[in-house]
Amino acid sequence: MPEPNVVSWTSLMAGYVDTGQPGMALWLFGKMPECSVIPNEFTFATVINACSILAHLRTGKEVHGLVEVLGFQSNLVVCSSLVDMYGKCNDVDNAQRVFDSMSCRNVVSWTSIVCAYAQNAQGQEALQLFREFIHLTSERPNHFMLASVVNACASLGRLASGKVAHGSVIRGSHDSNDVIASALVDMYAKCGCVEYSDKVFRRIWNPTVIPYTSMIVAAAKYGLGRMSLQLFQEMIDRGIKPNDVTFVGVLHACSHSGLVDEGLQHLESMFEKHGILPNAKHHTCVVDMLGRTGRLNEAYELAKSIQAEPNQEALLWGTLLSASRLHGRVDIAVEASRRLIDSNQQVAGAYVTLSNAYALNGEWENSHDLRSEMRRTGVQKEPGCSWVEVKDSTYVFYAGDVSSCARGSEVVALLRDLEGKMKQRGYVGGSLGLVFVDVEEEAKEETVGLHSERLALGFALISIPKGVIIRIMKNLRMCRDCHEAFKLISEIVEREFVVRDVNRFHHFKSGSCTCTDFW
DNA sequence: GTAGGGTTAG
């Protein structure tokens with residue numbers, strides 16, 4: 001072209017973005033001034049999109065500056081792409097700032113801001129914005145919006161909101177959408193209802209690699225390793241190509257179900273059969289898998305041989321640290337904690353786990369020294385918690401905290417009952433009662449074995465009025481036996497608290513569910 | 001010629 005104009009430039013840039021070369025689009029954008037072509041709103045939307053894909057915050061901000069200089073700051077599409085860009089670059093404050101500055105918004109801009117919060121671990125804010133969208137606009141949420149909302153519910157582990165979002169999906173006839181179905185599979189698994197994940201999954205007509213992967217991961221989280229492997233085989237048989245995430249799921253499944261040989265075979269087949277090179281995440285799963293079964297030396301050697309980014313390294317050494325503690329390998333625990341503490345990552349967790357490893361090994365002095373060191377330096381471990389939703393109530397549980405619990409004695413009785421039943425059914429792992437004692441006592445009593453992961457159930461109920469409860473999860477360490485335990489908990493809870501599950505899927509369809517006005 | 005959605009290890 002003798003004189004390409006702004007449309008020609010933008011078309012070419014959009015072409016590069018569409019074919020997975022956003023860097024080329026940015027390069028072209030930099031060349032425009034040399035040819036005296038001024039970018040317009042189409043150009044900016046395209047370039048900002050390229051920054052989103054690359055998650056280049058600095059470039060994004062520079063482009064944002066140009067948007068202001070050239071006067072496109074009130075363009076709907078440009079602003080929506082800016083909101084999305086800031087979200088993808090993990091700068092939620094600026095996403096919100098741009099969103100607030102907009103005089104005109106549509107469902108795309110609302111989706112971008114909801115998504116920005118959902119993808120940056122602020123699900124609560126995402127849901128609040130969704131409520132505002134419903135109340136302030138007359139627009140119906142579309143499949144893009146609902147996928148983000150389901151994602152927010154999943155990240156929060158909020159079953160009640162997730163079911164309501166699912167109702168919205170069904171009423172809007174979006175339930176055949178592959179993306180939404182994947183999000184629902186994931187949401188139900190993260191909210192403690194893997195059976196619902198399975199139901200949603202089985203309704204997908206032609207699942208792609210992503211819903212398959214969601215379901216493989218969902219089953220793995222519940223200790224259903226065999227089911228994960230069957231799903232994997234099923235997808236291979238159907239000619240669906242697995243990706244790197246699928247293998248993270250498969251290895252995770254093997255690790256949590258003690259399927260070491262299968263796991264190692266899958267690791268080997270990754271590149272040989274499927275052309276996917278194992279990365280740090282895969283190796284972390286393998287370190288975990290070897291570590292859980294007590295093959296600590298192999299796990300340690302593998303960990304040392306892996307090159308990874310700082311964040312991924314922290315996960316790797318954190319994994320090895322947990323395994324060393326589980327099997328009382330203080331030598332490796334010391335090394336793994338040192339690496340974490342030196343890199344200034346997960347410091348509190350590293351101190352606590354190392355202290356517990358010492359205790360398990362009978363080295364009480366070292367254990368206490370570390371606790372003193374934590375007090376002296378002010379390092380505090382934020383306690384983990386579990387929570388349970390039944391109907392409109394949420395109950396939060398902290399390990400070892402009985403005193404602040406309104407119905408603590410009842411819960412203790414339930415746990416004792418559960419423990420007895422688990423033993424009757426042949427559960428050979430650690431004891432539920434262990435959660436009642438001090439760390440040191442726990443360490444003295446703990447028996448170590450392949451499936452001896454404890455059910456770390458704490459208690460301390462904080463009730464938010466209305467209705468009765470329960471879902472106990474999160475701190476439930478999932479392994480094969482724990483799935484059985486999970487069912488038992490449901491049985492006991494249902495009996496004791498008279499919980500009825502009224503929200504089966506077809507109720508949404510038949511209109512008998514009154515959740516419509518929830519938002 | 002332009003903006004928005006799903007799966008990932010301790």
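No experiment lies behind these values; they were computed from the predicted model shown. Lettering of chains follows the sequences in order, A, B, ..., and the numbering in each one begins at 1.
Here A:F144 does not lie in a stacked arrangement on the base of B:dG5, lacking the combination of planes under 30° and ring centres under 5.5 Å apart.
Of the candidate nucleotides B:dA9, B:dG5, B:dT8, B:dT8 has the atom lying nearest to any side-chain atom of A:V245. Closest to the side chain of A:V77, out of B:dT2, B:dG4, B:dG6, is B:dT2. In this structure, the nucleotide among B:dG6, B:dG1, B:dG4 sitting nearest to the side chain of A:S112 is B:dG4. The listed nucleotides are B:dG1, B:dA9, B:dG6; the one nearest the side chain of A:Q312 is B:dA9. Here the nucleotide nearest the side chain of A:N142, chosen from B:dT2, B:dG6, B:dG4, is B:dG4. Of the candidates B:dT2, B:dG1, B:dA9, B:dT2 carries the atom nearest the A:E41 side chain, counting heavy atoms from C-beta on. For A:Q119, taking side-chain heavy atoms from C-beta onward, the closest of the listed nucleotides B:dA3, B:dT8, B:dG6 is B:dG6. Looking at the side chain of A:N106, the nearest of the listed nucleotides B:dG5, B:dG1, B:dA3 is B:dA3. For A:T43, the listed nucleotide lying nearest its side chain is B:dG1; candidates were B:dG1, B:dA3, B:dG6. The side chain of A:T213 lies closest to B:dT7 when the candidates are B:dG4, B:dT8, B:dT7.
Distance CG (A:N120) to C1' (B:dG4): 15 Å, rounded to an integer number of Å. Atom C1' of nucleotide B:dT2 and atom CG of A:D84 are separated by 13 Å, given to the nearest angstrom.
Counting atom types as modelled, A:S81 pairs no side-chain N or O with a base atom of B:dA3 as donor and acceptor under 3.5 Å. The base of B:dG5 does not come close enough to the side chain of A:N151 for any donor and acceptor atom to sit less than 3.5 Å apart.
Paired with A:W9 under the rule side-chain contact (heavy atoms from CB on, under 4.5 Å), one option of A:T46, A:L28, A:I38, A:T43 passes, and it is A:L28. When A:D288, A:T284, A:T293 are each tested for a side chain to side chain donor-acceptor pair (under 3.5 Å) with A:S255, only one passes: A:D288.
The shortest distance between the side-chain N/O atoms of A:K221 and the OP1/OP2 oxygens of B:dT7 is not below 4.0 Å. The phosphate of B:dG1 (OP1 or OP2) has no side-chain N or O of A:N5 nearer than 4.0 angstrom. Residue A:N49 places at least one side-chain N or O under 4.0 Å from the OP1 or OP2 atom of B:dG4. Applying the 4.0 Å criterion to OP1 and OP2 of B:dG5, one finds that A:K88 has a side-chain N or O inside that range.
The list of salt bridge (Lys or Arg N to Asp or Glu O under 4.0 Å) pairs with a residue in residues 347-358 of chain A, not counting sequence neighbours, is empty. Note on residues 255-270 of chain A: pairs passing salt bridge (Lys or Arg N to Asp or Glu O under 4.0 Å), not counting sequence neighbours, are A:R226-A:E262.
Under the 30°/60° scheme for interplanar angles, the aromatic rings of A:H266 and A:F247 are found to be tilted. A tilted orientation is assigned to the rings of A:H174 and A:H143, their planes being inclined by 30° to 60°. A:F44 and A:F29 have perpendicular rings, their planes meeting at more than 60° on a 0 to 90° scale where under 30° would count as parallel.
Contacts of residues 260-269 of chain A with DNA chain B (heavy atom under 4.0 Å): none. Residues of residues 23-34 of chain A that place a heavy atom closer than 4.0 Å to DNA chain B do not occur. Within residues 231-242 of chain A, no residue has any heavy atom under 4.0 Å from DNA chain B.
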Practice item. Go through A:D93 and A:R97 one step at a time and tell me if the salt bridge (Lys or Arg N to Asp or Glu O under 4.0 Å) criterion holds. Key: CA-CA 6 Å; A:D93 289 345; A:R97 214 162 283 151; 5.1 Å; no
Exercise for review: Evaluate salt bridge (Lys or Arg N to Asp or Glu O under 4.0 Å) for A:R131 paired with A:E125, printing each intermediate quantity in order.
Suggested key: CA-CA 10 Å; A:R131 287 184 200 105; A:E125 288 77 5; over 6 Å; no
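Salt bridge present: A:E234 and A:R202 bring a charged side-chain N and a carboxylate O closer than 4.0 Å. A salt bridge does not link A:K199 with A:E195: none of the charged nitrogens is closer than 4.0 Å to a carboxylate oxygen.
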In residues 299-307 of chain A, what donor-acceptor pairs under 3.5 Å come from side-chain atoms, sequence neighbours left out?
{"residue": "A:E301", "atom": "OE2", "partner": "A:K304", "partner atom": "NZ", "Å": "3.4"}
{"residue": "A:S305", "atom": "OG", "partner": "A:L302", "partner atom": "O", "Å": "2.7"}

